[in-house]
Amino acid sequence: MKIEAADIPDIALGGAFLATGGGGDTLIGEITAEAALRTHGPVTLAALDKVRDDALIVPIGAVGSPTIMLEKPSNGHEAGWALDALESFLGRKADALIAFEAGGMNALIPFCLAAERGLPVLDADGMGRAFPEIQMESFSIYGVSSTPLALASELGDRMILDHVRSPELAERLIRHFCMDAGGGQCISAEHVMDGATARRVAVPGTISLCLEIGRLLRENANQLPIFLSRLTTLLEPTHYGEVRKIFEGKVTDIARRMEGGYDYGDLRLAPFDNAAAMEIRIKNEYLLALRGREPVAMTPDLICVLDMETGRPITAETLRYGQRVTVIAIGAPALMRTPRALEVVAPRNFGFDYDYTPLEAL
């Protein structure tokens, strides 16, 4: 599939949906990717099963606080700097790029660089959604080393991590660079792997799914019931699970704090009827939805908050008092529900006192 500049707004919209509140605001990524494709031409979106076994695959994307990304856009060169540094260290050029998360701006960043360098982007990612930490990528979960990796800040600072003993330590070091050199954001090129490994560890089909979800949202703006019906049909044959509307109401309170390069928050929603209110816990992404003390959806399953009037996804940093919202829950891809994956993406990994229960069992 060739991705044209005209496709980017739909990928951005679908990426904002799969980001489950995180991934950063897509506007800057959308503008940058559209400009890159208009200047350099379309980018090939390559299926996982078409990539060569020995191809060098490089995941690339943004790291940091979505709130800071909204207030302080990047300069547009960081991804190229990070890839240059990594390729120089490896002594080899990348054969393809891949998003390390399908959500938000990180669904778009590979296209900006791929257009400029003439590289394909793989139709896959490392989460099937967005998560806040590097060890939560399927690449790490299924054995790909996070290092060597390259980081770049907007001021041109670059750092190579040659070898780190665990992805959790790599995450902490990345966050230090992110805060100290990047003022809360940076670009990371990481989890270098070959094509055969990518087929084993990546969540397939997610970028083309962003495109299709974005089209559905655009074509059914202001018609959420129709969108949800068609979304269910779209996702039914994929590796995602059940689609369920879990709430309608308005935002009554949102408490936020930024800590260590992450955005933490507690969202409170009041229903339009006499049903129980909803609370949603946030760490960059929407991770746990409660009515009273009863969970109705939890990580790694997806929790998506949509504007009730327009159907557009609302990122956690753009939540405001009084917004009228519909909350959707979707089962996570099977690759993110295995016992191995749940060791790092289940609710207790985020400090929530709940064992993981799949959406369809709640």
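As a basis for the values below, the full set of heavy atoms in this structure was taken, side chains included, without hydrogen atoms, waters or symmetry mates. The model shown is predicted, which means the values in this text are computed figures rather than measured ones.
Thr44 approaches Lys2 most closely through the heavy-atom pair OG1-NZ, 2.7 Å. Closest of all the heavy-atom pairs between Lys93 and Leu56 is O-CD2, 3.4 Å. Between Leu306 and Ile314, the shortest heavy-atom contact is C-CD1, 4.0 Å. Between Ala152 and Ala82, the shortest heavy-atom contact is CB-N, 3.8 Å.
With salt bridges taken as basic N to acidic carboxylate O contacts below 4.0 Å, one links Arg337 and Asp301. Looking at Arg281 and Asp266, a side-chain N of the basic residue comes within less than 4.0 Å of a carboxylate O on the acidic one, giving a salt bridge. We find that Glu171 and Arg175 are joined by a salt bridge, their nearest charged nitrogen and carboxylate oxygen being less than 4.0 Å apart. Taking a cutoff of 4.0 Å between a charged side-chain nitrogen and a carboxylate oxygen, Arg117 and Asp84 qualify as a salt bridge. By the 4.0 Å N-to-carboxylate-O rule, Lys283 lies close enough to Glu133 to be salt-bridged with it.
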Worked check of side chain to side chain contact (heavy atoms under 4.5 Å, CB included) between Leu335 and His239: CA-CA 8 Å; Leu335 206 63; His239 41 270; over 6 Å; no
Can you check side chain to side chain contact (heavy atoms under 4.5 Å, CB included) on Leu302 and Ile328, steps first, answer last? CA-CA 8 Å; Leu302 287 69; Ile328 308 301; over 6 Å; no
How far apart are the C-alpha atoms of Leu149 and Ile174, what are their side-chain angles, what is the distance that settles it, and do they pass the side chain to side chain contact (heavy atoms under 4.5 Å, CB included) test? CA-CA 10 Å; Leu149 65 79; Ile174 290 168; 3.8 Å; yes
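Atom CG of Asp273 is surrounded by more than 12 heavy atoms from other residues, nucleotides or ligands within 6.0 Å. Counting non-hydrogen atoms of other residues, nucleotides and ligands closer than 6.0 Å to CZ of Arg268 gives a total of 12 or fewer. Surrounding CD of Glu236 are at most 12 heavy atoms belonging to other residues, nucleotides or ligands under 6.0 Å away. Heavy-atom neighbours of Asp353 CG from other residues, nucleotides or ligands within 6.0 Å: at or below the threshold of 12.
Under the side-chain hydrogen bond (donor to acceptor under 3.5 Å, both in side chains) criterion, Asp194 pairs with Thr197, sequence neighbours left out. Residues passing the ring-ring contact (aromatic ring centres under 6.0 Å, His included) test with Phe111, sequence neighbours excluded: none. Applying the side-chain hydrogen bond (donor to acceptor under 3.5 Å, both in side chains) criterion to Asn349, with sequence neighbours excluded, gives no partner residue.
Here CG of Leu37 is found 8.5 Å from CG of Asp7. Values are rounded to the nearest 0.5 Å. The structure places CD1 of Ile134 at 4.5 Å from NE2 of His191, a figure rounded to the nearest 0.5 Å.
Other members of a hydrophobic cluster containing Leu359 are absent, since no ILVMFWY side chain comes under 4.5 Å of it, directly or through relayed contacts.
Each of Ile109, Asp125, Asn106 was scored for a side chain to side chain contact (heavy atoms under 4.5 Å, CB included) with Phe100, with one residue passing: Asn106.
In terms of modelled atom types and a separation under 3.5 Å, the side chain of Thr147 and the main chain of Val164 share a donor-acceptor contact.
Among residue pairs with one or both ends in residues 162-182, none qualify as ring pair (Phe, Tyr, Trp, His ring centres under 6.0 Å); sequence neighbours excluded. For the salt bridge (charged side-chain N to carboxylate O under 4.0 Å, His left out) condition, the pairs that include at least one residue of residues 94-108, sequence neighbours left out, are Arg52-Asp95, Arg92-Asp95.
Ring geometry for Phe350 against Phe131 counts as parallel: the plane angle stays under 30°, on a 0 to 90° scale with 60° as the upper cut.
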